[in-house]
Structure formats: C-alpha cells, structure tokens
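First comes the structure, then the notes that go with it.
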Amino acid sequence: MRQRRLRASILVVLLTLFLGMGFAAERAAVKVTDVILATTTSTVDTGLLDVLLPIFEAQTGYKVKPIGVGSGQALAMGEKGEADVLLTHAPAAEKPLVEKGLVTNYRLVMHNDFVLVGPAEDPAGIRGMKSSAAALQKIAQAKALFISRGDDSGTHKKEQELWKKAGIKPGGAWYQESGSGMGQTLLIASEKKGYTLTDRGTYLAQKKNIALEILVEGDRDLLNIYHVMQVNPAKFSKVNAEGAQAFVEFMVAPETQKLIADYGRDKYGSPLFFADAGKSEEELGK
Amino acid sequence: MGALGEGLVEAIKMLVTGDPEVLEISLRTLQVSGLATLISVAIGIPVGVFLALKRFWGRELAVSLVNFGMGLPPVVVGLVTWLCLTRYGPLGFLGLLYTPTAMIIAQAIIASPIVAGFTVAAIQSLNPKMHYQILALGANRVQFVWLLLREARLGLLAAIIAGFGGVISEVGASIMVGGNVKGSTRVLTTAISLEISKGRFELATALSIILLAISFLITALLTKLQQHRRQPQ
C-alpha cells in the first residue's frame, strides 16, 4: 500500500511539474513575441491572413494570434487594451477610438465592396439598381425577407447605416437577424430565399454553396474599407507596442500591398481586395 | 449530398497521406482534451468520493451543485474564463489567454463536474454492506477508499468517458479562450467551425470524420479498460 501511494504521489508531482513547465514556457513566450490581432472574420474566412501572417512572422520573429470576431467585438477588445493591433472594416465606429486616443497609427489598408445579394427571382425587383438605399426601400415596401447579421459586425454596422440612409427602421416578420457570421448568414439567406448584405469576398468564397445572386453593386455607399491601427501603448501598458507597430508597417508596406492586390485572383478570377495604402478614404471608389 | 461523400474521400486521403496540418490539429486536440480530462479526474474523483461518503450539513446542496455543473454550457464557461484571463482581468497577469493552457483550464472546468457527478453516483450505487465488509477486514481509511474505487471501476470509467466526451466535442469555450489560432490553439472542433464559415464543407466533413474516429478510438480504449475482467465469473 505504501509503495502504491508513493508511486501515486510521484505521478502527481510529475504531472504538476509537466503542467507547470507548460505554463512557464507559454508565459515566457507570451511576453516576448506574441501580437494579438483582433480582426473581422472576413480577413480570416477569405484566407487572406493565412497568406500574410507567415510572411510577417518570418520577417519579424513575432507570432501573431489572429482573433477573428466581428468588427464590433474587435474594436471593443481594442478599447479595453485586450488586443495589440486591430484590422477592422467599420470606419464610422473606428473614428471615435482614434479621436479618444485609444488607438494610434490609424492607416488605410485596402477596400473591397459590399453587395446586396438575393434569390434569382428577386421578389422586390431590385436587380441592377444604382442606389443601395433605394433598393432597401423597395425590399421594405415589398416586405421581402431580409436576413441581417444582427451581430454588431462591420457588415451589420454598414447595413444599419444603409437603412438609416433609406429612412427605414427595419422590423417585422420580413426582417430577421441571423446572429451569425457572414458565411453562415449567406447560407441562411440562401435556404430561406432572402436578401442580405455581404462583403464580396465572403460571397465569392461561399458562392458554390449558395443560390444567391449579386443584385446591387457599385454604389459608393457600398465601399467596404479596412483600416489597421495599433492600440495606444500610452493608454494601455500591457500591449505589445513594438509588435503592433511592426504589424501596421507591414500591412501598408509595398510588398504586402502587392500580395493583397493579387490575393484571390487565381481562385476567384478577380481580386478579393484592392490595396489602398497611402490613399485617403475620399479617393476610394472614384 | 455531395459534401458528405466528398468529405469521406477527403478524410481518407488526409489520413493516408498524413496531412501535416491535420495531424498537428488532431494531436493538439488529444493533448488539450486529454490533459483537461486528466485534471478533471484529479479534481472530480476525490470530490465525488468525498460527497458520496461523507455526511455533512449542506451535502445535498453540494451534490445538487455538482449535478447542475454537469450541464454547464461550454460557451458560458468560455466567457467567464475569458473574462478572468484577459489582460486587465483578475488573472490577466498570467498571460494565458489564447494559449492551449487557457483551453485546458476551460475544458477542465467543463469536465470536472461531469466526472464528480458520475463518481458520486458510482460510489453510492455500491452495496452499502460492502463498506462494513471492507472495514471488518481491517482496512484503514486509504485502503477502504481504494477498494471502493476498485469496486466502482465501471462507473468511474463511465465518468472519465463522459468527461472526455464532453470536452473533445466542445467548441464554444475553446474558440473563446483559444481564439482558434492556427498552429497554436486550433483544435478539430474549432477548425471545423472555421471551415464551415469559409464555405469548405468537404473539408469540414473530413475533419468531422477524423474527430469522430479519434473520439471513438479513445472511448473504445476506455471501454475496453472498463469491461476488462467484467465478464461474469
């Protein structure tokens, strides 16, 4: 019995040591090289970061932890100092953070566009319309099913902007919130034959699984603009300022911008993003 | 359903060619959920034994709490663990968020009540006369508990199987505290949910098949241990 107890306690001690070592190793690793990137799901779901991050990591030695969440959550993480660097697509929600000095080094990276998609039958008759706000008005008038993200993501924020511009407070049985990511929402809209607002990249990635067509595109209001910014180290002492700055510089560097501009060309026939570093927001879409 | 068939083909292809990324994700899944299960056993079995054998005021409430804990929603565990581990949270100084360790902690929180609850049931379902029998044979306290545990082996292994099954299939907590970081905290369940978002259903199906296979293998192994020498003598 005593021997057995001894063996058991040795096992426990070894296990504790093993776990302890794990903890220690990770803590050491976290301190030096980790960069937490809070970002929108579209940069993850389109696979763009899978291409860019290994290059950044090889160049700088930092290890990026991309946390793909809605832009709303990503910005909230930045606001609390829980991330080092943000890559989001909700300019209207980003500006207050810049103004409050919570983030610095706010740089335009790229854009693509949102599109209004819906079933081929197009019950509200919006195909080919030039104004997205007018198209939403027609959808509301027809009480045609519209699936909203409803998750405070960049796309959801954009959708709310457009409804506001259309002068409509959407609600009722025809307006449903999926509460899920873009990919899932497209699947739901496709199954239910509803309209939805999507970024073009996720639409192209999901295209083969869904029966939705692009009905309205090209409106200046539908620009989807991505900015990168670092969480201000002067406000939050725990952020990895050097790593965050390196990432911002990397995203706007000419070589990276070229990778962004070429990304998706081979797979989808057209690029998923347009590289915009150094431009101003007003210049886009002209 | 094309995706199911293609997924099966893809899964077999991955297994045959030993796709390094899938291999790495599978290994990490085993590591994370295995360690979490070990920890939950180290916590759950002693707690379960204590609750099963000791009579004290508030015991029923404690058992109720454990039983309640068996159904803890993983996403709630994930949220609470996340809040504790954030940089400016109470345990932020540990710097554990978005590491496999954070996932192990969250999963251990999910599995511990499951193991404890099953342990209480397993020990209490033994014939009470056995207690006197063992004591009458002159066993000391440790021997007494040890013999009870041996007798309750069937139920205890069910406890471990349930705990492991609970965490290897869990996605809400893992994605929240792990962040689904490629090469670091991506496990099979979080990888599956990512591939679904990406619209790659074949790959998601393939990963699901691999997850089910791994889960089955481990469970079968534990079941073998459980049923071992349990044939009618």
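Within every chain, numbering begins at 1; the chains are lettered A, B, ... in the order of the sequence lines, protein sequences first and strands thereafter. Every heavy atom of this structure was used, including side-chain atoms; hydrogens, water molecules and symmetry mates were not.
- For A:Pro66, the side chain to side chain contact (heavy atoms under 4.5 Å, CB included) partners are A:Leu37, A:Leu49, A:Leu53, A:Val64, B:Val181, not counting sequence neighbours.
- Between atom CG of residue B:Leu97 and atom CD of residue A:Glu82 there is a gap of 7.5 Å, rounded to the nearest 0.5 Å.
- The CD1 atom of A:Ile67 sits 6.5 Å away from atom OG1 of B:Thr185, with the distance rounded to the nearest 0.5 Å.
- One finds the NZ atom of A:Lys63 at 14.0 Å from the OH atom of B:Tyr98 (value rounded to the nearest 0.5 Å).
- The existence of a salt bridge linking B:Lys182 and A:Glu57 is excluded, since no basic side-chain nitrogen approaches an acidic carboxylate oxygen closer than 4.0 Å.
- Residues A:Ile36 and B:Arg87 form a side-chain contact, since some pair of their non-hydrogen atoms from C-beta on lies under 4.5 Å apart.
- Ranked by non-hydrogen atom pairs under 4.5 Å with chain B, the options A:Gly81, A:Gly183, A:Gly181 are led by A:Gly81.
- For a residue to count as touching a neighbouring chain, one of its non-hydrogen atoms must lie under 4.5 Å from one of that chain's; by this rule B:Ser184 touches chain A with the side chain only.
- Neither the backbone nor the side chain of A:Leu186 comes within contact range of chain B; no heavy atom of the residue lies under 4.5 Å from a heavy atom of that chain.
- Residue A:Ser42 does not touch chain B at all, counting heavy-atom pairs closer than 4.5 Å.
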B:Glu202 and A:Lys208: salt bridge (charged side-chain N to carboxylate O under 4.0 Å, His left out), yes or no, with the steps? CA-CA 12 Å; B:Glu202 303 77 28; A:Lys208 66 180 165 63; 3.8 Å; yes

Step by step, would you call B:Asn180 with A:Lys65 a side-chain contact (heavy atoms from CB on, under 4.5 Å)? CA-CA 9 Å; B:Asn180 198 16; A:Lys65 298 196 157 182; over 6 Å; no

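- If you take CG on A:Asp45 and CD1 on B:Ile196, they are separated by 11.0 Å, rounding to the nearest 0.5 Å.
- Of the two parts of A:Ala38, neither the backbone nor the side chain holds a non-hydrogen atom closer than 4.5 Å to a non-hydrogen atom of chain B.
- Heavy atoms closer than 4.5 Å to chain B are found nowhere in A:Met182, neither backbone nor side chain.
- To the nearest 0.5 Å, the span separating NZ on B:Lys198 from OG1 on A:Thr46 amounts to 8.5 Å.
- A cation-pi arrangement is not found for A:Lys80 relative to B:Tyr88, the charged atom failing to lie both closer than 6.0 Å to the ring centre and inside a 45° cone about the ring normal.
- No more than 12 heavy atoms of other residues, nucleotides or ligands sit less than 6.0 Å from atom CD of A:Glu191.
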